[in-house]
Amino acid sequence: MRTYEHFASPMRDTPLKKLPGPVKGKQATRGQKQIVDENKSTLRFYKLVIAICNAFFLVVTYFFFWDAFTMFYQFLWLSVGGLCFATFQVMVRMAKASYSATGQLLDGGTDLNMESGMAEHLKDVILLSAVVLILSLLSNYCWLFLLVAPARAIYLLWVNLLAPWFFAPAPEEVSEKKQKKMERKMAKRQ
């Protein structure tokens with residue numbers, strides 16, 4: 001029989017035991033070794049995603065759609081494969097750890113599981129490419145979903161860089177009287 005002593009009863013004045021929940025304040029930092037281990041498992045996962053999706057695509061295409069696998073679709077497949085490979089290599093370079101001559105970990109590399117980081121966008125590109133590759137077996141129009149990546153990049157560029165710059169409020173114009181007053185204050189300080 002289970003007892004639920006860690007839950008507070010409205011009838012008793014016993015304090016709640018600490019339950020895991022959202023952390024308030026600063027998040028706990030993770031050690032470099034933990035980041036290296038998590039990066040290895042993340043890279044292993046995305047390598048498997050790329051390999052399995054490409055293998056599945058080629059097997060299904062070979063057995064069912066070989067006559068329709070023209071140069072155009074071969075080019076699309078190679079482009080998606082190249083995109084996945086390049087994106088994965090960037091992630092590998094980001095996660096590269098550096099060690100001392102004695103083998104001690106100096107730097108764990110960039111955390112690939114960090115929220116709202118560059119690695120997050122790279123992982124999205126790999127997943128989008130894998131999904132498009134599989135969906136293209138259902139319809140050739142699914143290749144058009146690859147246009148989501150540049151559309152997202154343009155959106156992020158607009159929202160984070162261009163729009164704030166274009167629509168920034170103009171600096172206040174200082175009247176001649178205020179300008180002369182500021183000049184007198186500056187002259188007094190010197």
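Just the heavy atoms: all of them, side chains too, but no hydrogens, waters or symmetry mates, feed the values below. Residue numbers run from 1 in the order of the sequence given.
Using bins of under 30°, 30° to 60° and over 60° for the plane-to-plane angle, the ring pair Phe166/Trp158 lands in the tilted bin.
With sequence neighbours left out, Ser136 forms a side-chain hydrogen bond (donor to acceptor under 3.5 Å, both in side chains) with no residue at all. Legend: residues meeting ring-ring contact (aromatic ring centres under 6.0 Å, His included) with Trp66, ordered by chain and number and at least two apart, are Tyr62, Phe69.
Closest non-hydrogen pair, Glu120 versus Met114, comes out as OE1-O, 3.6 Å. Closest of all the heavy-atom pairs between Gly108 and Val36 is CA-CG2, 3.5 Å. The minimum heavy-atom distance linking Leu135 with Cys142 is given by the pair O-SG, 3.5 Å.
Within 6.0 Å of CD on Gln104 lie no more than 12 heavy atoms contributed by other residues, nucleotides or ligands.
Leu157 and Met118 are members of different hydrophobic clusters when ILVMFWY side chains are connected at heavy-atom separations under 4.5 Å. Cluster annotation: Ile134 and Tyr73 are assigned to the same hydrophobic cluster (Ile/Leu/Val/Met/Phe/Trp/Tyr, side-chain heavy-atom contacts under 4.5 Å, transitive). Linking Ile, Leu, Val, Met, Phe, Trp and Tyr whenever their side-chain heavy atoms come within less than 4.5 Å puts Val131 and Leu138 in one cluster. Tyr141 and Leu128 fall into different hydrophobic clusters, where Ile, Leu, Val, Met, Phe, Trp and Tyr are joined by side-chain heavy atoms under 4.5 Å apart, directly or via other members. Transitive grouping of hydrophobic side chains (ILVMFWY, heavy atoms separated by less than 4.5 Å) keeps Ile52 and Leu127 in distinct clusters.
The side-chain heavy atoms of Asn113 and Lys123, taken from C-beta on, include a pair separated by under 4.5 Å. With contacts defined as side-chain heavy-atom distances shorter than 4.5 Å, the pair Thr61/Trp77 does not qualify. Between Leu106 and Tyr99, the closest side-chain pair of non-hydrogen atoms is not below 4.5 Å. In this structure, the side chains of Val80 and Leu76 stay at 4.5 Å or more apart for every pair of heavy atoms. Contact annotation: the side chain of Ile50 never approaches that of Phe85 to less than 4.5 Å [non-hydrogen atoms, C-beta and beyond]. Residues Phe56 and Leu137 meet the side-chain proximity criterion, which asks for heavy atoms closer than 4.5 Å. Looking at Tyr155 and Arg152, their side chains come closer than 4.5 Å, going by heavy atoms from C-beta outward.
A distance of 8.0 Å separates CE in Met94 from CE in Met91, rounded to the nearest 0.5 Å. Atom NE2 in His121 sits 7.5 Å away from atom OG in Ser116 (nearest 0.5 Å). The distance from the CG atom of Leu78 to the CG atom of Leu83 is 12.5 Å, given to the nearest 0.5 Å. Rounded to the nearest 0.5 angstrom, Phe65 CZ and Thr70 OG1 are separated by 13.5 Å. The CZ atom of Arg184 sits 13.5 Å away from atom CZ of Arg189, with the distance rounded to the nearest 0.5 Å. Rounding to the nearest 0.5 Å places CD of Glu183 at 4.5 Å from CD of Gln179.
The closest donor-acceptor contact from the side chain of Thr110 to the backbone of Leu112 lies at 3.5 Å or more, if one exists at all.
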